[in-house]
S.K.: 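Structure incoming, see below.
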Protein chains: 4
Amino acid sequence: MGKRQDIMAATLDLIHEEGLQSVTFSKIFKKADVGSGTIYNYFSNKEELVNAVYKEARMLMGEYMLQGYDSTASLYERFKCLQLNRLHFGIHYPKEFLFIDSFSFSPYISPELRNMDDSRNSVEVVLSLIVEGQKQGLFKEMDTHLCHQFIHGIVSSILKGYYVRKYPLNESQTQQVLESSWKALLV
Amino acid sequence: MGKRQDIMAATLDLIHEEGLQSVTFSKIFKKADVGSGTIYNYFSNKEELVNAVYKEARMLMGEYMLQGYDSTASLYERFKCLQLNRLHFGIHYPKEFLFIDSFSFSPYISPELRNMDDSRNSVEVVLSLIVEGQKQGLFKEMDTHLCHQFIHGIVSSILKGYYVRKYPLNESQTQQVLESSWKALLV
Amino acid sequence: MGKRQDIMAATLDLIHEEGLQSVTFSKIFKKADVGSGTIYNYFSNKEELVNAVYKEARMLMGEYMLQGYDSTASLYERFKCLQLNRLHFGIHYPKEFLFIDSFSFSPYISPELRNMDDSRNSVEVVLSLIVEGQKQGLFKEMDTHLCHQFIHGIVSSILKGYYVRKYPLNESQTQQVLESSWKALLV
Amino acid sequence: MGKRQDIMAATLDLIHEEGLQSVTFSKIFKKADVGSGTIYNYFSNKEELVNAVYKEARMLMGEYMLQGYDSTASLYERFKCLQLNRLHFGIHYPKEFLFIDSFSFSPYISPELRNMDDSRNSVEVVLSLIVEGQKQGLFKEMDTHLCHQFIHGIVSSILKGYYVRKYPLNESQTQQVLESSWKALLV
DNA sequence: GATGAATGAGCTTTCATTCAT
DNA sequence: TATGAATGAAAGCTCATTCAT
């Protein structure tokens with residue numbers, strides 16, 4: 001049955017609307033329209049629920065990241081594909097994106113989960129692309145994980161402004177963001 | 001005496017150490033070494049306290065951003081000054097920087113506060129510098145707020161790595177960051 | 001189970017024993033033998049609880065007032081029935097009677113509640129009996145509500161003495177009260 | 001200086017407006033426009049303050065009760081004078097009257113104060129008038145204190161209705177109230 | 001005397017969790 | 001499984017009282 005999904009969806013909605021610190025179980029129960037005891041059939045406590053929501057969001061993002069990814073394309077093309085997917089994911093799944101972004105460094109999320117790779121290993125794909133770029137002498141010689149965070153952080157920053165309607169993200173702006181983030185990586 | 005400052009400092013420390021969602025008043029009282037009722041002489045509730053801490057951090061950063069800013073210097077020099085100040089602020093005030101970065105887009109912070117300008121209008125200075133660069137045909141014709149988010153995001157990403165990995169940010173690496181963000185804006 | 005009733009009964013007891021201003025929730029919890037959170041399943045705050053207790057007392061008194069009331073009996077018989085019921089209610093439900101008497105004009109009780117009529121409209125019955133007596137030329141042409149307050153006041157005074165002095169209210173004294181209040185209304 | 005009076009007046013006002021249970025020192029300080037420590041120069045705690053306010057109200061009422069009292073007049077005239085004064089006191093000093101009425105039986109007021117007689121011994125005057133009426137065989141043979149409470153209670157009941165604007169108290173209604181309370185006492 | 005910032009005991013209230021149904 | 005009334009530890013908050021100025 002969909003109770004588990006209902007609960008997780010309600011939780012994500014509430015985190016997005018009010019922030020984790022003001023999400024309570026009773027709000028979740030009302031929003032998910034389940035009884036207050038039901039949650040304990042699926043999650044043994046709040047932390048486990050939040051971690052499950054985090055994991056699902058990461059899985060979804062991982063899936064999205066590799067859409068249309070062609071491993072035979074040029075480095076630039078592949079980079080653009082990944083960054084475009086990252087940006088589009090943020091545009092289409094703002095709740096998931098922001099949740100991941102906010103809690104990836106939070107003690108609330110277990111370290112194993114934070115460092116997880118998803119079913120399609122999207123993180124690995126990004127990391128090896130970075131290594132490839134560095135080997136070609138194109139990219140700056142930074143720690144790869146740091147580099148990963150760098151290209152994620154730029155998109156994240158752009159999206160946050162977009163979320164609060166500081167600016168639109170049309171085709172041309174999007175292209176410029178991709179270009180800029182590429183340039184920022186170059187030696 | 002500075003009870004108000006003590007309370008705000010303790011609050012910022014705790015948010016930094018444990019995250020907002022696990023900051024309680026009793027932790028604040030103990031850390032600030034004040035009586036439990038004292039806080040209510042200064043803040044009528046928790047949200048007001050957190051917003052006050054946010055506002056102060058923003059003021060501090062705004063102040064810092066314009067240190068040594070010479071409005072008669074060249075565009076590149078002025079850009080470097082601002083970005084360097086941004087980076088140094090993050091290095092010297094990690095708690096303040098991370099708090100601003102995390103909560104600027106949180107529902108916990110009131111929108112008026114998010115869009116506040118500080119006493120010295122540092123945000124305006126950055127935005128007009130971007131406009132100037134675009135008028136000279138140097139910078140891409142992206143939305144100015146987007147550009148602002150972009151260059152902030154680069155510094156933010158670098159700093160987060162710095163905070164976690166504790167690698168040094170020496171002269172050459174600092175220069176790389178400045179160059180990366182400058183390049184990202186260029187046509 | 002009757003947790004709601006337990007809470008209300010404990011509240012009434014405590015108000016009677018110590019006065020509203022010294023009734024705390026923790027005293028109520030202990031007396032009612034319920035957990036501290038339980039009350040909030042039934043009442044959203046203290047004022048609501050006290051008002052509910054007041055309303056219930058008023059309902060009970062209204063019910064009691066019309067016991068054995070025969071609308072076909074003579075005016076005097078009907079008057080005696082009502083006053084006797086009023087007196088007996090006070091004797092059998094001292095806590096309820098005193099609570100109503102003390103708080104009917106208190107700012108703690110909402111005006112709508114003060115002016116409520118109970119399920120059987122006992123107030124209306126009394127008022128129309130007074131009108132009837134006035135039409136027959138028996139009763140003084142005083143405002144009907146004033147008359148009502150008057151005959152209530154007599155019973156109330158007697159009862160307060162009874163509560164404090166613990167003197168018996170035997171048949172002859174009861175008759176005196178009824179006669180006094182009847183006489184007070186006569187032209 | 002008038003600080004003491006200011007504090008007492010503010011206290012009485014607040015008790016009247018919100019009921020004793022919601023009167024706090026900080027409300028008193030604001031209303032009386034004095035510093036929060038000032039009260040302790042005059043009263044050693046809250047109970048003492050409330051008792052002082054009670055005492056003053058009783059003194060005022062005692063004074064008022066004997067206005068125009070002619071000890072050589074007839075029993076009926078003297079009775080009417082006292083009851084009229086009682087009623088008028090209630091009309092002109094509603095805050096004082098209600099406060100006395102509510103707290104005369106409260107544990108908050110010390111027993112000595114409750115049983116005090118005022119400077120002009122108005123309570124004694126009423127009691128001896130009752131005794132006189134009983135000796136003449138006019139009044140019912142009730143305990144004199146109970147009888148006192150009876151005639152007070154009737155006026156009190158009438159006034160409470162008046163306070164909530166259930167009816168006006170003009171000259172003719174007033175006369176009828178006096179007559180009715182006289183009749184209620186008769187054998 | 002007059003003040004009001006500081007206090008902390010104790011109050012109200014919340015909320016994750018349990019458990020009988 | 002699904003429920004929601006009941007719980008109580010812990011949170012937020014109030015307020016009489018103190019004390020240095």
Side-chain angles (χ1 to χ4, degrees), chain A residues 1-4 6-7 11 21-30 32-50, chain B residues 1-4 6-7 21-30 32-49, chain C residues 1-4 6-7 21-30 32-49, chain D residues 1-4 6-7 11 21-30 32-50:
Chain A
M1 241 286 284
K3 297 275 176 189
R4 191 173 200 278
D6 291 351
I7 291 164
T11 303
Q21 84 290 337
S22 78
V23 173
T24 66
F25 270 28
S26 86
K27 286 176 183 171
I28 295 174
F29 302 144
K30 272 164 205 151
D33 195 29
V34 298
S36 64
T38 304
I39 197 169
Y40 293 94
N41 295 326
Y42 301 105
F43 309 97
S44 57
N45 56 44
K46 194 175 173 178
E47 194 154 347
E48 200 175 298
L49 163 59
V50 172
Chain B
M1 239 289 287
K3 296 280 173 186
R4 190 173 201 275
D6 291 352
I7 291 165
Q21 86 285 342
S22 78
V23 173
T24 66
F25 271 25
S26 78
K27 287 176 184 171
I28 295 175
F29 302 142
K30 274 163 203 153
D33 193 31
V34 297
S36 65
T38 303
I39 198 171
Y40 295 96
N41 295 329
Y42 300 104
F43 309 98
S44 54
N45 56 48
K46 197 170 166 179
E47 190 153 350
E48 200 176 298
L49 164 59
Chain C
M1 236 287 288
K3 296 279 174 188
R4 193 174 200 274
D6 292 351
I7 291 164
Q21 86 286 343
S22 77
V23 174
T24 66
F25 271 25
S26 77
K27 287 175 184 172
I28 295 175
F29 302 143
K30 274 162 204 154
D33 194 31
V34 298
S36 64
T38 303
I39 197 170
Y40 294 95
N41 295 330
Y42 300 104
F43 308 98
S44 54
N45 56 48
K46 196 169 168 181
E47 191 153 350
E48 200 176 298
L49 164 58
Chain D
M1 241 288 282
K3 297 276 176 190
R4 192 173 199 275
D6 290 352
I7 291 165
T11 304
Q21 83 290 335
S22 78
V23 173
T24 66
F25 269 27
S26 86
K27 287 176 184 172
I28 294 175
F29 302 144
K30 272 164 205 151
D33 195 29
V34 298
S36 65
T38 304
I39 197 169
Y40 293 94
N41 295 326
Y42 300 105
F43 309 97
S44 56
N45 57 45
K46 193 176 175 178
E47 193 153 348
E48 201 175 296
L49 163 60
V50 172

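Protein chains get the first letters and strands the later ones, always in sequence-line order, with residue 1 at the start of each. The figures here come from the full heavy-atom set of this structure, side chains too, leaving out hydrogens, waters and symmetry mates.
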S.K.: Using the criterion of both pairing distances under 3.5 Å for Watson-Crick and G-U wobble pairs, give all stems of 3 or more consecutive pairs involving DNA chain F.
M.R.: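 DNA chain F forms these stems: E:2-21 with F:2-21.
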S.K.: Between atom CD1 in D:Ile7 and atom P in F:dA16, what is the gap in whole Å?
M.R.: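 One finds 14 Å between P of F:dA16 and CD1 of D:Ile7, rounded.
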S.K.: Using atom CG of A:Leu49 as one end and atom P of E:dA16 as the other, report the distance to the nearest whole Å.
M.R.: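 My rounded result for the distance is 10 Å.
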S.K.: Go through the structure and list residues passing side chain to side chain contact (heavy atoms under 4.5 Å, CB included) with A:Asp33, not counting sequence neighbours.
M.R.: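 Testing A:Asp33 for side chain to side chain contact (heavy atoms under 4.5 Å, CB included), a comparison that skips the adjacent residues, returns none.
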S.K.: Would you compute the distance between atom CD1 of A:Ile39 and atom NZ of A:Lys46 and round it to the nearest 0.5 angstrom?
M.R.: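 These two atoms lie 9.5 Å from each other.
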S.K.: Can you measure D:Ile39 atom CD1 to E:dA2 atom C1' for me and round it to whole angstrom units?
M.R.: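 Roughly 13 Å, once rounded to whole Å.
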S.K.: Do any N or O atoms of the protein come closer than 3.5 Å to N or O atoms of nucleotides 10-13 of chain F, and which pairs are they?
M.R.:
residue, atom, partner, partner atom, Å
F:dG12, OP1, B:Lys46, NZ, 2.9
F:dG12, OP2, B:Phe25, N, 2.7
F:dC13, OP2, B:Tyr40, OH, 3.3
F:dC13, O5', B:Tyr40, OH, 3.4

S.K.: Within this structure, what is the CG-CD distance for the pair C:Leu49 and C:Glu47, rounded to the nearest 0.5 Å?
M.R.: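 The CG atom of C:Leu49 sits 10.5 Å away from the CD atom of C:Glu47.
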S.K.: Where the side chain of D:Thr11 meets the backbone of D:Ile7, is there a donor-acceptor pair that is under 3.5 Å apart?
M.R.: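 Answer holds: yes.
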S.K.: Taking side chain to side chain contact (heavy atoms under 4.5 Å, CB included) as the definition, give me every residue that meets it alongside C:Val23, ordered by chain and number, with sequence neighbours left out.
M.R.: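 C:Leu14, C:Ile15, C:Ile28.
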S.K.: Taking atom C1' of F:dT17 as reference, at what distance in whole Å does atom CZ of D:Phe43 sit?
M.R.: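 Rounded to whole Å, this separation is 16 Å.
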S.K.: Whole-Å distance between F:dA5 C1' and C:Asp6 CG?
M.R.: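 To the nearest whole Å, that distance equals 14 Å.
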S.K.: Who passes ring-ring contact (aromatic ring centres under 6.0 Å, His included) against D:Phe29, sequence neighbours left out?
M.R.: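 Expected list: D:Phe25.
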S.K.: In this structure, how many angstroms lie between the C1' atom of F:dT1 and the CG atom of A:Asp33, rounded?
M.R.: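 Taking CG of A:Asp33 and C1' of F:dT1, I get 16 Å after rounding.
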S.K.: Among residues at least two apart in sequence or on other chains, which ones pass salt bridge (Lys or Arg N to Asp or Glu O under 4.0 Å) with C:Lys27?
M.R.: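 Salt bridge (Lys or Arg N to Asp or Glu O under 4.0 Å) list for C:Lys27, sorted by chain: C:Glu18.
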S.K.: Using the test side-chain hydrogen bond (donor to acceptor under 3.5 Å, both in side chains), find all partners of A:Glu48 that sit at least two apart in sequence or belong to another chain.
M.R.: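 Residues passing side-chain hydrogen bond (donor to acceptor under 3.5 Å, both in side chains) with A:Glu48: A:Ser44.
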S.K.: Taking CG from C:Asn41 and P from F:dG8, how many angstroms apart are they, rounded to a whole number?
M.R.: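 The distance from CG of C:Asn41 to P of F:dG8 comes to 13 Å, rounded to the nearest Å.
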S.K.: B:Thr38 side chain: which of E:dA2, F:dT7, E:dT7 is closest?
M.R.: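 The answer is E:dT7.
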S.K.: Of the options E:dA5, F:dA6, E:dT3, whose atoms approach the side-chain atoms of D:Lys3 most closely?
M.R.: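 For the D:Lys3 side chain, the nearest candidate turns out to be E:dT3.
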S.K.: Measure the distance from CD on B:Gln21 to C1' on E:dT14 and round it to the nearest whole Å.
M.R.: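 To the nearest whole Å, that distance equals 17 Å.
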S.K.: Could you tell me which non-hydrogen atom of D:Val34 sits nearest to which non-hydrogen atom of D:Lys3, and how far apart they are?
M.R.: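 Minimum heavy-atom contact is CG1-CD, 3.6 Å.
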